[in-house]
There are 2 protein chains.
Amino acid sequence: MSPRRQDPLSTEYILLGLAAKGPVHGYDLHKQLGTLDGLSAIWRVKQSQVYALLDKLENMGYLHGEAVPGTAAVLRKQYHLNDAGQRAFDAWMNSPVQHPRQVRQEFLARLYFAQQSGVQVTRQLIDAQYAACQSWQKSIQDALEHNDEPQNFQRVVDAYRLSQINAILDWLDQCRTTLLP
Amino acid sequence: MSPRRQDPLSTEYILLGLAAKGPVHGYDLHKQLGTLDGLSAIWRVKQSQVYALLDKLENMGYLHGEAVPGTAAVLRKQYHLNDAGQRAFDAWMNSPVQHPRQVRQEFLARLYFAQQSGVQVTRQLIDAQYAACQSWQKSIQDALEHNDEPQNFQRVVDAYRLSQINAILDWLDQCRTTLLP
DNA sequence: GAATCCATACTCATTAAATGAATATGGGTG
DNA sequence: CACCCATATTCATTTAATGAGTATGGATTC
């Protein structure tokens, strides 16, 4: 996934989410993401990539940037989230990921921001994703029932996928008990 | 993962593996991968990408291509695996994937070719990957023991990862019983 | 029997993302 | 006073992915 992508992935939305808490600039974002911020557990980002993404998000009309004096000699380019950006971020937060492989980065990123917004948002996020997972589970179970050759490669793949989906469901349940009152 | 990659991913090795069974050419590879071949379960590939990858593999010295007459008017470019290519493929087959996220494509691809090579190769592959998974499991369990704040984001991430790893271990066990005598 | 369409087969220009490396400078330190 | 480091950003390069294009012989249709 790289060239010809064009639609923002979790990386872009993570920056929008951080910008939602106040104006940001590239240098500081990179430093935060590399040190304290828990997001480093799911996203390792190079400095030049942060700048490239901020630039892209400005061109997409989600961020507005202006040069302001920082603590260094060079002017700092400070971005703030505008209405379109806020709407895009909200829409992203409210859309469950569509594929198990997206849970690792895309769902965990949403969960990070949900936790910062309180338990109601967190509960909503977990419930919506849980429902999506159940739907995946059902599809795969159907596929497995219509395929009774145990050595068939497609069946082996489906068995793998089902095991991963079931694990996600268990983990989401576990999140409910540890993160929600 | 895209620009600045350079080291072959599973996609390249899949083509090497297919070329190991006899000479191949782009048009036919794409057709096979899109229809009957079980690999379509883990890799959807565009025609132009097949050609680009074959080209790259030739430049890397793993394939040797020559123009031969096919059934159409245009000459067909037929590739066959040379020694370096065979060695690279064998090395790939014998190296367990290093990260849970690689199981979905990279390990399943190896498993596909292992199944075609017989039960001994398959057993060897599964055993080696099982050991690697146990090592991941141990690392994460250690991390979880040194972190007792249940709401900590890093802990939530680790809990997710552990659940996925445990599911892989269970699935590998299941593969042992269904794929091995 | 002419026109049209499809399968075979590959090539190429375009686009986007990731990254390393470069740039500039003020302030602190030995 | 020389040197290094932190701040802060820019840019050219590399690579992958893809859509679209090219060419033509044989089959199909009317």
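Below, all heavy atoms of this structure are taken into account, side chains as well, without hydrogens, waters or symmetry copies. Per chain, numbering begins at 1; letters A, B, ... match sequence-line order.
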Which nucleotide wins on minimum distance to the side chain of [X], given the candidates [options]?
X	options	value
B/A73	C/dT19, D/dT24, D/dA8	D/dT24
A/T71	D/dA8, C/dA17, C/dA7	D/dA8
A/K31	D/dA16, C/dC10, D/dT7	D/dT7

Compare side-chain N and O positions of [X] against OP1 and OP2 of [N] and report whether any pair is under 4.0 Å apart.
X	N	answer
A/Y51	D/dT10	no
B/Y27	C/dT8	yes
A/K56	C/dA17	yes
B/S48	C/dC12	no

Quiz item: Among B/Y62, B/Y13, B/F113, which residue meets the ring pair (Phe, Tyr, Trp, His ring centres under 6.0 Å) test with B/F89?
Solution: B/F113

I'd like a table of donor-acceptor pairs (distance under 3.5 Å, sequence neighbours excluded) in which one partner is a side-chain atom from residues 15-22 of chain A, with atom names and distances.
residue: A/K21; atom: NZ; partner: A/Q116; partner atom: OE1; Å: 2.8

Self-check item: Integer-rounded Å distance: C/dA18 P and A/H30 NE2
Solution: 15 Å

Practice problem: Measure the distance from CG on B/D55 to P on D/dA16 and round it to the nearest whole Å. | Solution: 12 Å

Exercise. Tell me what A/A72 touches on the nucleic acid: a base, only sugar-phosphate, or nothing, going by heavy atoms under 4.0 Å.
Key: base

Quiz item: Can you tell me if B/D170 and B/Q174 form a side-chain donor-acceptor pair at under 3.5 Å?
Solution: no

